[in-house]
Novice: 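Got a structure for you, written out below as structure tokens; questions coming shortly.
This is a predicted model, so every value here is computed, not measured. The figures here come from the full heavy-atom set of this structure, side chains too, leaving out hydrogens, waters and symmetry mates. In what follows, every chain begins at residue 1, and chains take the letters A, B, ... in the order their sequences are listed.
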Protein chains: 2
Amino acid sequence: MAEKKSKITIYDISKEAGVSIATVSRVLNDSNNVNPKTREKITEVMEKMGYKPNAFARGLGLDTMKTIGILCADSSDTYLAKAVYLIEEALRQNNYDSLLCCTGYDFQNKQKSLDLLISKKVDAAILVGSNFLDTTVSSNNNYIKEAAKSIPIMLLNACFECQNVYSLFCDDLNATKSAVEFLVKKGRKKILYLYSSKSYSGVKKLEGYKEALKENNLSLSDDYIVYCNSNRDDVNGFVKTIEEVYEKGLRFDAVVSSEDYLAIAALKFAIKKGISVPKDLSIIGYNNSPMALMTQPEITSVDNRLEALSKQLVATLLGVLEGKEMPAKTEYKGILIERDSTES
Amino acid sequence: MAEKKSKITIYDISKEAGVSIATVSRVLNDSNNVNPKTREKITEVMEKMGYKPNAFARGLGLDTMKTIGILCADSSDTYLAKAVYLIEEALRQNNYDSLLCCTGYDFQNKQKSLDLLISKKVDAAILVGSNFLDTTVSSNNNYIKEAAKSIPIMLLNACFECQNVYSLFCDDLNATKSAVEFLVKKGRKKILYLYSSKSYSGVKKLEGYKEALKENNLSLSDDYIVYCNSNRDDVNGFVKTIEEVYEKGLRFDAVVSSEDYLAIAALKFAIKKGISVPKDLSIIGYNNSPMALMTQPEITSVDNRLEALSKQLVATLLGVLEGKEMPAKTEYKGILIERDSTES
DNA sequence: TTAAATTGTGAAAACGCTTACATTTAAAAC
DNA sequence: GTTTTAAATGTAAGCGTTTTCACAATTTAA
């Protein structure tokens, strides 16, 4: 009820409580060696005077502010946002705060943001999303290596082998492979693959698609692999892309997509064209995001274990920060969640 | 290419460059009074030695870390996430970082989070979303008043009159009213209102619905105002709620909803029941989020100017931080975006 | 009892930077 | 060629904590 621009310091408290600042500091850090009575007295005075420790001074002394940097390309992406949310929550429960940084998709900018966070003295950085790893120009990933010299780096949905870097990801290759095989078993032969990112996991998923076709002796044609190059919020951009390949005469009886929003676009395409789903066209999405439930029919999707991975990521990070030896790689299996956009 | 746990300080630089630490500090803060040659020399040495200023020491001296706290209930909510993204980006462009804090929907927790941010010495706090204001228990809003004594508080999508609090919001009452009137003009008479939040803007929207009916001499029945009490990701929970009122015999020829995801649920309900949209049922959503485009038909929605408001919010905040006098209230008009879920 | 160990406390030196003030140096004015 | 003024730099005192080390007071052990 009392304080303004809180200028009350440890000195004021020490004076009022009749002890030295060292003792006050001790109760602040609940150091063991302080008489219960003194402690009580001091706590009381602090309360009364509305004392708020100065975080900067504290940081200067302790060399940590209990803050973790979270980087993500775009927090308005539902999927990434969910991860950020889960991570942030778990960290808070463990008394760490999060400094969020949305970097966009440009590598130069990612590097800059990471540097910035390090300069703000975060205790670690979490890179959320596979787009932090470049699969084409490997030197683009040097910024991670460099940063890892200063603080632990956590990767969600990507894998990068390097000292002080910890990767947690889903086995996207096999998850996609299973999804395709699921369709093959239902008799689908012309399976369209939709993707929108050449990120680390993007590449893995595509490999999974290819492997599945090969191993099932189905013809593999580049025509059936379509890159959707729109803004992720622009469903109609995706729909248009699909319509275009359709107009060109390409026919397909199933769609596997690297993201749920692509599956939604596929469904929208089907409804517009009057194609029956799942009878004439089966559709599978990826991420198992809430989006997959919003449509009618609902969309079968690969659950890539975001929730579990996020939790494990924080657990691993906490371990690392405590100086424990932790696994550098953690891989979870994806799970196909069957819904109405595929035949049961 | 060089540094490790950067222990190089301003002293090392000053020694190497043959100047005093004051001068080094001056180039760090690009103070004007320093000889260009000296500046160059120092910058060079800094570069060479891989100097990174210590943010804590800096903060202690300057009493600011150029960091803004952003609070939102749940960053995995597409709508809030978008706002967070826009704000974060605008702040970064102005050399401020953001400390993100997801509070959940409990008031006690909101208060705690805000205190925490203040203790971390943020320069201001932005509360994103109308759920930070309690319209029923007004004492629940004291935490804002209290916090405003320490730092400027920015409210997005809510309005709270108080010293050092700045509110930016959409005129939700009239926006909703217009939406309802739009339907009335098309001859709709039995308009269902769907809402899921009793937040500040939630209340305004509902008022708008009521006013519109009254002013158009349509009967106003509580049966037509349905509260949807599910988790926002649980579309099917909402669908079920609508189904229930339908099973009870309630009939309606239009739905106005306080959020796009409710409109999506309404559409899903209609498709399941075989009700034709927009012919037999017109649907209007709110927020004009990307979601509204994902369906077929696409959903008519009220654009509540999130983008404009976010931008204006940051502009206002920057003004406040520079000590300028800024308007405590900024209100934008909503815009109805017509799509296929209503007749043209 | 007395020596040794333990516990609680205080004094003062960091921590790495900013900045008011003092001082030197250079440029401008006369 | 002085004197005035301005520009560039240095000195040192903070900023609000933590923490080492020393010391006193209290137990415990012998």
Side-chain angles (χ1 to χ4, degrees), chain A residues 3-43 45-46 49-67 118-123 150, chain B residues 3-46 49-67 95 118-123 150:
Chain A
E3 79 283 26
K4 262 213 155 180
K5 296 263 175 192
S6 169
K7 280 291 162 204
I8 293 134
T9 76
I10 212 174
Y11 282 93
D12 302 311
I13 304 298
S14 78
K15 200 175 292 172
E16 183 76 13
V19 296
S20 78
I21 59 159
T23 310
V24 178
S25 173
R26 284 191 189 100
V27 346
L28 231 44
N29 297 281
D30 32 47
S31 152
N32 30 344
N33 286 334
V34 38
N35 188 312
K37 277 186 186 168
T38 324
R39 155 167 286 132
E40 196 180 346
K41 168 82 182 174
I42 292 176
T43 320
V45 173
M46 281 180 176
M49 303 184 72
Y51 169 72
K52 301 252 176 80
N54 180 307
F56 296 141
R58 215 126 190 247
L60 192 55
L62 294 166
D63 203 40
T64 164
M65 197 135 127
K66 295 276 253 174
T67 303
I118 292 176
S119 85
K120 294 255 163 156
K121 291 283 199 177
V122 296
D123 298 319
S150 310
Chain B
E3 80 281 30
K4 263 214 156 180
K5 297 264 177 190
S6 170
K7 279 291 162 204
I8 294 134
T9 75
I10 211 174
Y11 284 92
D12 303 312
I13 304 299
S14 79
K15 199 176 294 170
E16 183 74 15
V19 296
S20 78
I21 58 160
T23 309
V24 178
S25 173
R26 284 191 189 99
V27 345
L28 232 43
N29 296 281
D30 32 46
S31 154
N32 30 345
N33 287 331
V34 36
N35 189 309
K37 276 187 185 165
T38 323
R39 155 167 287 131
E40 196 182 346
K41 169 82 184 175
I42 293 176
T43 319
E44 202 174 275
V45 173
M46 282 180 176
M49 303 184 73
Y51 169 72
K52 301 252 176 82
N54 180 307
F56 296 139
R58 207 118 197 257
L60 193 55
L62 293 167
D63 203 41
T64 166
M65 197 136 125
K66 295 278 252 174
T67 303
N95 251 303
I118 292 175
S119 84
K120 293 257 162 152
K121 290 285 201 175
V122 297
D123 298 319
S150 310

Novice: Which residue is it: A:Val45, A:Leu28, A:Thr43, A:Asp12? I am looking for the one with a side-chain contact (heavy atoms from CB on, under 4.5 Å) to A:Tyr51.
Specialist: A:Leu28
Novice: Provide, to the nearest angstrom, the distance between the NZ atom belonging to B:Lys37 and the P atom belonging to C:dA26.
Specialist: 12 Å
Novice: Which whole-number value in Å describes the distance from B:Phe56 CZ to D:dT18 C1'?
Specialist: 13 Å
Novice: Rounded to the nearest Å, what distance is computed from the CG atom of residue A:Leu62 to the P atom of nucleotide D:dG16?
Specialist: 16 Å
Novice: Under 4.5 Å between any side-chain heavy atoms of A:Leu60 and B:Asn54, yes or no?
Specialist: yes
Novice: Return the value, rounded to whole Å, for the distance between atom CD1 of B:Ile13 and atom C1' of C:dT18.
Specialist: 17 Å
Novice: Are any of A:Thr9's side-chain N or O atoms less than 4.0 Å away from OP1 or OP2 of D:dG16?
Specialist: no
Novice: Taking for each residue the nucleotide of DNA chain D bearing the nearest heavy atom, is the 5' side occupied by B:Ala22 or by A:Tyr11?
Specialist: B:Ala22
Novice: Apply the side-chain contact (heavy atoms from CB on, under 4.5 Å) test between B:Val27 and each candidate in B:Lys41, B:Arg39, B:Glu40; give the one that qualifies.
Specialist: B:Arg39
Novice: Quick one: A:Ile8 CD1 to D:dT17 C1', roughly how many Å, whole number?
Specialist: 16 Å
Novice: Where do A:Ser119 and B:Ala55 come nearest, in terms of heavy atoms and distance?
Specialist: O-CB, 3.2 Å
Novice: How long is the line joining CD1 of A:Ile10 and P of C:dA12, in whole Å?
Specialist: 16 Å
Novice: For the side chain of B:Ile21, counting heavy atoms from C-beta on, which of D:dG16, D:dT17, C:dT18 is nearest?
Specialist: C:dT18
Novice: Between atom CG in B:Asp63 and atom C1' in D:dT17, what is the gap in whole Å?
Specialist: 14 Å
Novice: Give, for atom CD1 of B:Ile21 and atom CZ of B:Arg26, the distance between the pair rounded to the nearest 0.5 Å.
Specialist: 10.0 Å
Novice: Is there any protein nitrogen or oxygen under 3.5 Å from a nitrogen or oxygen in nucleotides 7-9 of chain D, and what are the pairs?
Specialist:
| unit_1 | atom_1 | unit_2 | atom_2 | d |
| --- | --- | --- | --- | --- |
| D:dT9 | OP1 | B:Thr38 | OG1 | 2.4 |
| D:dT9 | OP2 | B:Asn35 | N | 2.9 |
| D:dT9 | OP2 | B:Thr38 | OG1 | 3.2 |

Novice: How long is the span from the NZ atom in A:Lys52 to the CD1 atom in B:Ile118, to the nearest 0.5 Å?
Specialist: 6.0 Å
Novice: Nearest 0.5 angstrom please: B:Ile13 CD1 to B:Glu44 CD, how far?
Specialist: 11.5 Å
Novice: Round to a whole Å and report the spacing from NZ of A:Lys41 to P of C:dG8.
Specialist: 19 Å
Novice: Among D:dT18, D:dG16, C:dC17, which nucleotide sits nearest the side chain of A:Asn29?
Specialist: D:dT18
